Amino acid sequence: MEAFTEKAIKVIRNIPPGRVMTYGQIASHAGSPRGARQVARLLHSMSAKYELPWHRVINAQGKISFQDTDNRLSQTKLLQNEGVEVCSLGKIDLKHYRHDPGHDAF
DNA sequence: TTCATGACCGTAG
DNA sequence: ACTACGGCCATGA
């Protein structure tokens with residue numbers, strides 16, 4: 001496993017409830033600004049094995065990346081449960097809910 | 001090692 | 001606003 005992957009996992013686990021991060025953000029903080037896809041990949045792989053807050057990770061457009069209706073609804077539900085306002089289309093206000101590790105929002 | 005793939009991102013029409 | 005294309009890089013066969 002690459003160091004990048006481990007860092008990405010740490011960053012993801014560091015996301016506080018009620019906040020979200022984009023793949024690109026996580027990748028950037030993990031050391032690879034262009035490694036957004038690897039973040040997605042590790043989430044897909046690790047979420048089932050580790051306890052990662054995968055639902056707090058969304059794409060740069062502030063929307064849920066899932067294509068499967070089931071998982072999409074699950075993520076929406078979880079986020080709403082944490083106090084994040086999610087539109088019917090899976091739209092989220094990044095300006096309001098984006099978590100910045102350096103800013104220490106928690 | 002090489003090839004193909006992916007819960008992405010940014011730019012262009 | 002939405003669709004299409006190319007680039008990115010770790011992972012698995």
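Computed from a predicted structure; not experimentally measured. Below, chains carry the letters A, B, ... as their sequence lines are ordered, and counting in each starts from 1.
Regarding A:Lys63, its NZ atom lies at a distance of 6 Å from the P atom of C:dC2, rounded to whole Å. To the nearest angstrom, C1' of C:dC9 lies 17 Å from NE2 of A:His44. Whole-Å rounding puts the A:Gln61 CD to C:dT3 P distance at 11 Å. Rounding to whole angstrom units, NZ of residue A:Lys49 and P of B:dA7 are separated by 14 Å. The distance between atom CD of A:Gln67 and atom P of C:dT3, rounded to the nearest whole Å, is 13 Å. A:Phe4 places its CZ atom 10 Å from the P atom of C:dC9, with the value rounded to the nearest Å. Straight-line distance from the NZ atom of A:Lys7 to the P atom of C:dA10: 12 Å, rounded to whole Å. Taking atom CE of A:Met46 as the reference point, atom P of B:dG6 lies 18 Å away to the nearest angstrom.
The backbone N or O of A:Gln61 lies less than 3.5 Å from a partner atom in the side chain of A:Asn59, making a donor-acceptor pair.
Between A:Arg56 and A:Glu82 there is a salt bridge, with a side-chain nitrogen of the basic residue lying less than 4.0 Å from a carboxylate oxygen of the acidic one.
Nearest nucleotide to the A:Thr5 side chain, out of C:dC9, C:dT11, B:dC8: C:dT11. Comparing B:dG10, C:dT11, C:dC9 against the side chain of A:Gln38 picks out C:dC9 as the nearest. Listed nucleotides: C:dA10, B:dC9, C:dG7. Nearest to the side chain of A:Arg37: C:dG7. Taking only side-chain atoms of A:Ser65, from C-beta outward, the nucleotide of C:dC8, B:dA7, B:dC9 with the closest atom is B:dA7. Listed candidates were B:dA7, B:dG10, C:dT11. Nearest to the side chain of A:Ala40 is B:dA7. Across B:dC9, B:dA7, B:dG6, the shortest atom-to-atom separation from the side chain of A:Trp54 is found for B:dA7. When each of B:dC9, C:dC8, C:dA10 is scored by its nearest atom to the side-chain atoms of A:Thr22, the top-ranked nucleotide is B:dC9.
Within a 6.0 Å sphere centred on CD of A:Gln80, heavy atoms belonging to other residues, nucleotides or ligands number more than 12.
If you run side-chain contact (heavy atoms from CB on, under 4.5 Å) between A:Val57 and each of A:Ile64, A:Ile15, A:Leu52, only A:Ile15 comes through.
Taking only distance into account, the side chain of A:Arg41 meets the base of B:dT5 through a donor-acceptor pair shorter than 3.5 Å.
Taken to the nearest 0.5 Å, the CE atom of A:Met1 stands 3.0 Å off from the CE atom of A:Met46.
Comparing A:Gly35 and A:Ser45, the nucleotide of DNA chain C nearest to each residue sits closer to the 5' end for A:Gly35.
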